[in-house]
Structures are given as C-alpha cells and as structure tokens.
Number of protein chains: 2
Amino acid sequence: MADLNHILKTHGLRTTAIRREVMQYFLNEGKAVSHQDVEGAMPKADRVTLYRTLAALEESGIIHQVIDDDTVKKYALCGTECSGDHHHDNHVHFKCERCNDTVCLEDIKIPHINLPQGYSVDSGNLLLMGTCKSCA
Amino acid sequence: MADLNHILKTHGLRTTAIRREVMQYFLNEGKAVSHQDVEGAMPKADRVTLYRTLAALEESGIIHQVIDDDTVKKYALCGTECSGDHHHDNHVHFKCERCNDTVCLEDIKIPHINLPQGYSVDSGNLLLMGTCKSCA
DNA sequence: ACATTTATGCAACATAGTTGCAGAAATGTT
DNA sequence: AACATTTCTGCAACTATGTTGCATAAATGT
Ligand SMILES: [Mn+2]
Ligand SMILES: [Mn+2]
Ligand SMILES: [Zn+2]
Ligand SMILES: [Zn+2]
C-alpha cells in the first residue's frame, strides 16, 4: 500500500484510492489487461475515471501499452526504469492463442533488425503468438 | 481488371465490382489502410459492405491484418503464397511516426526468438517505428 | 486551517464494429 | 438464354470502445 503510494509519487502522480486499486490489480493479474478487465474488477469505479487512470499511469511510466492482435488497448506494468520522460519497454510479448492471455517477457529483448537505407528506427514491438506453458 | 478477377477466383471468392475496387485501392496505396481509408476512397459503397469485404479478403488470404499501435484495424495485400487455409505473412512492418504510414517490409523476415521452456510459437508480428525514407 | 491544484463522477457525445434481413447480383445447370 | 441456388449488397438497428465538458470531491503545499 505504502509501496504503491511511493511508486505514484516518484512518477509525479497524486496518491488516490483508485490508482492504488488499479495498480494492485495489475500486480495480481501479472498479464496484460484491458480497460474492460479493470472495469470488471472494480465495478463501482466510474468508466471514465478508469480510462483516465490508465492514461495517467501510462503517461507517467508506470504501465505501458501492450500491442496485440485484438483492437482493444491492453496495458501491463513497466519495469523500474520507466518514467514520464521515457519508456524503456523494448521486450517481447507473448500471446497464447488458447487462453488468450498476453504476457510480458521482460528478459527477452527485441533484436536489432537491419533495414534498407533511409529508415531510422526509434522503437519496436514484437508479439509472438502460440501456446503458453499452462496451456501446452 | 481481369487480373483482379483471377485473384478473387483463385481464392474462392465471387468477382464483384466492390471487391475489385477495394483491391485496386490497396494496389494504389501500397501501404496499410484502414476501413475508414477505404470508405473515404469509395464513399458510395455501404459501410457494412466494406467491413464485410475486408473480412472476406482477409479470410481468403488476399489481404492480411497489419498490427500497429493505433487501435483501428489496418490491412495490406498478402504475398502470392497466402490462401484461405494459411497466411504466410511473417515479415516486418514499419510505421513512420511523422507521416503515420505503415508499410510491409516483405523482404525482412521476423527473426527466430528463443523462448524459455514451455512456450511454443506459431507466428509473430514485428512492428518497427521511426522515420521513413520520405520523411527523413 | 486554508488556498490551490488535480481527480472523480456524471451526462452527453463520438467513433468503430456487428447483426438481421430483404432485395440484387453472381454462379452453376439445363 | 432461362432458371434455381448461392452469395453479396445496402439499410436499419444495435453494441462496444473511447472522448469531452463540467461540477463536485479529494489531495497537496503553505
Ligand atoms: Mn510488456
Ligand atoms: Mn504486411
Ligand atoms: Zn495459454
Ligand atoms: Zn514517413
């Protein structure tokens, strides 16, 4: 609890009950979650507030967007080095096509790719799909 | 024209004016386009029909979804080897953050990534972001 | 305790995508 | 060419997802 407040403060955000609850939810889930998931977990909180909470957590470097093949936005917790100034989430994501869970593989970095002359690369997103440990 | 009809037939689809127009639009654009883009290019066609046209072209292996960081679905033409049974679109995509165009880099394949025990990978999507040739 | 700033909740709106169904067009058969 | 069958198209209605404006509530700094 105090821990969550500390994270919020060091990222320049005010400490509020909703933000702590959302962060705790991310910790519990351990996978990428959507706005709808969060809403399901805390039905008394206002929809719009949750959208703004997710936006605030993302902008301050506490969570990052996880791009996968369905169109709803999903988020997961960032590593400790992320801040409002800069995200450092260049790791691989894995989506299991059986349980539909998408997880961060923090230890697997996106490899460098050589592109033809003229392209300059700032960042990347690598999503691998298949079957996860639990579903194998 | 006859060419487009041939592609439709070999992929098990009926030849219709709308499908030819949509395919021609993909050829002209040469980049990933959204439903909204298609609708803008052919305003007399019905919205719903265009959604179903894109779905039909995707299911039959004529176009593939291009995953990028915004939430609207985008599509681009597949290579010749794709069919309804199986897509083979394991190439890299590049999104320019200035002009916002996303393109297929057909020649750059997604590298193989070693994952921890238990994960089995079927497919992947790699999106690189930065500045493209024209915007450099 | 007070002033200031920021967050929350509600209503209304905007955009993206889906479903059901009737009529139109494409295809296969005679 | 005419017909029967299948599939596509267009319209209406609906669902899902995300946004904006504004008043009130809560957090922060003094
Ligand atoms: Mn991640
Ligand atoms: Mn592609
Ligand atoms: Zn799984
Ligand atoms: Zn560009």
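Chain A is the first sequence line, chain B the second, and so forth, proteins listed ahead of strands; every chain is numbered from 1. Source: prediction; values computed, not measured. All values below were derived from every heavy atom in this structure, side-chain atoms included, with hydrogens, water molecules and symmetry-related copies excluded.
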>> Rounded to whole Å, how long is the line connecting atom CZ of Arg19(A) with atom P of dT6(C)?
In response: 11 Å
>> Expressed as a whole number of angstroms, how long is the span from Asp70(A):CG to dG18(D):C1'?
In response: 16 Å
> CD of Glu59(A) versus C1' of dT6(C): gap in Å, rounded?
Replying inline: 14 Å
>> I'd like to know if the side chain of Arg98(A) and the backbone of Cys135(A) have a donor-acceptor N/O pair within less than 3.5 Å.
In response: yes
> Whole-Å distance between dT17(D) P and Tyr75(A) OH?
Replying inline: 13 Å
> With respect to the phosphate group of dC11(D), does any side-chain polar atom (N or O) of Thr49(B) fall under 4.0 Å of OP1 or OP2?
Replying inline: no
> Is the closest side-chain heavy-atom distance between Lys74(A) and Asp68(A) below 4.5 Å?
Replying inline: yes
> In terms of side-chain heavy atoms of Arg14(A), which of dG10(D), dA16(C), dT5(C) is nearest?
Replying inline: dT5(C)
> Rounded to the Å, how far apart are Glu39(A) CD and dC10(C) P?
Replying inline: 13 Å
>> From the set dG9(C), dT18(C), dA26(C), return the single nucleotide nearest to any side-chain atom of Tyr51(B).
In response: dT18(C)
>> Let's see if you can work this out: which of dG9(C), dT27(C), dG10(D) has an atom nearest to the side-chain heavy atoms of Ile18(A)?
In response: dG9(C)
>> Can you work out whether Lys9(A) or Ala45(B) has the more 5'-proximal nearest nucleotide on DNA chain D?
In response: Ala45(B)
> Reckon Thr15(B) has a side-chain N or O less than 4.0 Å from the OP1 or OP2 of dT27(C)?
Replying inline: yes
> Toward the 5' end of DNA chain C, which comes first, Thr16(B) or Arg52(B), by nearest nucleotide?
Replying inline: Arg52(B)
>> If you only use heavy atoms from C-beta on, which nucleotide in dG9(C), dG18(D), dG10(D) is closest to the side chain of Asp46(A)?
In response: dG9(C)
>> Any base atoms under 4.0 Å from Val48(A), or only sugar-phosphate, or nothing? Heavy atoms, all strands.
In response: base
>> Using the side-chain heavy atoms of Lys73(A), tell me which of these nucleotides is nearest: dT8(C), dT19(D), dT27(C).
In response: dT19(D)
> Does a side-chain N or O from Gln36(A) land closer than 4.0 Å to OP1 or OP2 of dA16(D), or not?
Replying inline: no
>> Main chain of Tyr25(A), side chain of Asn28(A): is a donor-acceptor contact present, judged purely on distance under 3.5 Å?
In response: no
> Counting only N and O atoms by type, is there a donor-acceptor contact under 3.5 Å from the side chain of His93(A) to the main-chain atoms of Thr102(A)?
Replying inline: no
> For Met42(B) and dT9(D), what is the distance between atoms CE and P respectively, to the nearest whole Å?
Replying inline: 9 Å
> Atom CD of Gln65(A) and atom C1' of dT17(D): how far apart are they, to the nearest Å?
Replying inline: 14 Å
>> Using only atom types and a distance under 3.5 Å, with no angle test, would you say the side chain of His64(B) pairs donor to acceptor with the backbone of Ala76(B)?
In response: yes
> Glu58(A) has an atom CD; how far is it from atom P of dG18(D), in whole Å?
Replying inline: 12 Å
> To the side chain of Arg47(B), which of dG17(C), dT19(C), dT9(D) is closest?
Replying inline: dG17(C)
